[in-house]
Amino acid sequence: MLIREAAENDLPGILYIHNEAIRTTTAIWDEEEVGLEERHAWWLERGRIGCPILVCEIDGVVAGYASYGPYRPKSGYRFTVENSVYVRADHHGRGVAKALMPVLISRAREAGLHRILAGIESGNQVSKALHARWGFRSVAEMPEVGTKFGRWLDLTYMQLDL
């Protein structure tokens, strides 16, 4: 298992994970898959603004990725970011997210950030437990603020104080 910065040639693997989550989970609330051009633009933008994209590589496969980005566009939020951690379905339970999280948190601390937020679909107990393991605490429950797969979704915000 190797945790490293994402390179351009990792984008197909990242895209696979991203679209898999769109198709099969409520972890991403988009309903339409995206193309490589969108992931490439996202990768370039994260690099431009100094936000890391980390990948976990296992046997040459991008098994998962993690990143953080701006929470909101107003300058007053500049020390708060929102994180994302996604793992290929065929790599669940192998410690991929557990390996990515401390590196992502360390990068946020090194960048002088103040808070990391995680917006998690309230029924996603695995993600909530992962974040709690690294010190995130629940700070808000927002009922029925999203929809996917024909049902309303609740949102839990968890926060890590850096």
Side-chain angles (χ1 to χ4, degrees), residues 1-22 25-30 33-121 124 126-139 155-162:
M1 187 178 293
L2 173 66
I3 306 296
R4 60 175 174 73
E5 290 287 335
E8 189 170 5
N9 64 346
D10 294 316
L11 290 174
I14 290 170
L15 177 67
Y16 177 87
I17 294 166
H18 187 81
N19 282 337
E20 179 179 60
I22 289 172
T25 76
T26 56
I28 298 175
W29 291 11
D30 288 326
E33 294 182 34
V34 299
L36 193 55
E37 304 78 25
E38 186 276 342
R39 286 289 87 182
H40 188 259
W42 167 80
W43 177 74
L44 288 173
E45 179 62 10
R46 290 284 162 108
R48 186 187 71 75
I49 63 176
C51 291
I53 301 172
L54 305 172
V55 295
C56 176
E57 181 183 325
I58 299 175
D59 298 328
V61 173
V62 175
Y65 72 94
S67 185
Y68 62 71
Y71 170 60
R72 290 194 169 179
K74 307 287 188 217
S75 64
Y77 293 107
R78 69 187 172 276
F79 295 107
T80 299
V81 293
E82 187 169 5
N83 79 332
S84 300
V85 180
Y86 299 102
V87 177
R88 281 178 65 115
D90 60 359
H91 283 72
H92 285 179
R94 295 179 63 180
V96 172
K98 289 177 190 170
L100 285 163
M101 284 293 284
V103 180
L104 191 66
I105 292 166
S106 176
R107 295 289 178 87
R109 285 193 172 109
E110 290 168 7
L113 297 171
H114 186 61
R115 298 279 190 267
I116 302 176
L117 298 177
I120 303 168
E121 192 273 317
N124 189 340
V126 171
S127 185
K128 288 164 73 173
L130 170 75
H131 284 82
R133 174 186 179 138
W134 296 104
F136 285 74
R137 59 188 169 86
S138 290
V139 294
L155 182 66
T156 298
Y157 267 109
M158 297 183 76
Q159 174 177 299
L160 177 65
D161 306 333
L162 297 170

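In what follows, every heavy atom counts, from backbone to side chain, and hydrogens, waters and symmetry copies are set aside.
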Listed partners of [X] passing side-chain hydrogen bond (donor to acceptor under 3.5 Å, both in side chains), at least two apart:
X	result
Asn19	none
Ser84	none
Glu82	none
His40	Glu8

Report task. Could you walk me through whether Ile14 and Trp43 pass the side chain to side chain contact (heavy atoms under 4.5 Å, CB included) test, one step at a time? Result -> CA-CA 10 Å; Ile14 290 170; Trp43 177 74; 5.7 Å; no
Nearest heavy-atom neighbours spanning [X] and [Y]:
X	Y	answer
Leu155	Gly119	CD1-C, 3.7 Å
Ala132	Met158	N-CE, 3.9 Å
Gly112	Phe79	O-CD2, 3.6 Å
Met1	Cys56	CG-SG, 3.3 Å
Cys51	Gly69	SG-CA, 3.9 Å
Val55	Ala6	CG1-CB, 3.7 Å

Nearest 0.5 Å, what's the [atom1]-[atom2] distance between [X] and [Y]?
X	Y	atom1	atom2	answer
Gln159	His114	CD	NE2	8.0 Å
Leu54	Ile3	CG	CD1	7.5 Å
Ile116	Leu104	CD1	CG	6.0 Å
Glu110	Leu162	CD	CG	11.5 Å
Leu130	Ile120	CG	CD1	8.0 Å

State which residues pass salt bridge (charged side-chain N to carboxylate O under 4.0 Å, His left out) with [X]; sequence neighbours excluded, sorted by chain then number.
X	value
Arg39	none
Arg115	Asp161
Glu121	none

**Report entry** Of all pairs that satisfy ring pair (Phe, Tyr, Trp, His ring centres under 6.0 Å), the ones with a partner from residues 80-104, not counting sequence neighbours
**Finding:** Tyr65-Tyr86
**Report entry** Any residue meeting side-chain contact (heavy atoms from CB on, under 4.5 Å) with Thr25, in chain and number order, not counting sequence neighbours
**Finding:** Ala21, Ala27
Report summary line: Applying side-chain contact (heavy atoms from CB on, under 4.5 Å) to Ala111 and not counting sequence neighbours gives Tyr68, Leu113
Report task. Identify, with sequence neighbours excluded, every residue that meets ring-ring contact (aromatic ring centres under 6.0 Å, His included) alongside Tyr157. Result -> none
Query raised in the report: Listed by chain and number, what are the ring-ring contact (aromatic ring centres under 6.0 Å, His included) partners of Tyr77, not counting sequence neighbours?
Result: Tyr71
Requested in this report: Tell me, with the steps shown, if Phe136 and Met101 meet side chain to side chain contact (heavy atoms under 4.5 Å, CB included).
Outcome: CA-CA 11 Å; Phe136 285 74; Met101 284 293 284; 3.6 Å; yes
Query raised in the report: Can you find a heavy atom in the side chain of Trp134 that is under 4.5 Å from one in the side chain of Asn83?
Result: no
Query raised in the report: Taking C-beta and beyond as the side chain, do Ser75 and Arg78 meet within less than 4.5 Å on heavy atoms?
Result: yes
**Report entry** NZ/Lys98: more than 12 non-hydrogen atoms of other groups inside 6.0 Å
**Finding:** no
**Report entry** Pairing of Glu57 and Arg4 as salt bridge, 4.0 angstrom limit
**Finding:** yes
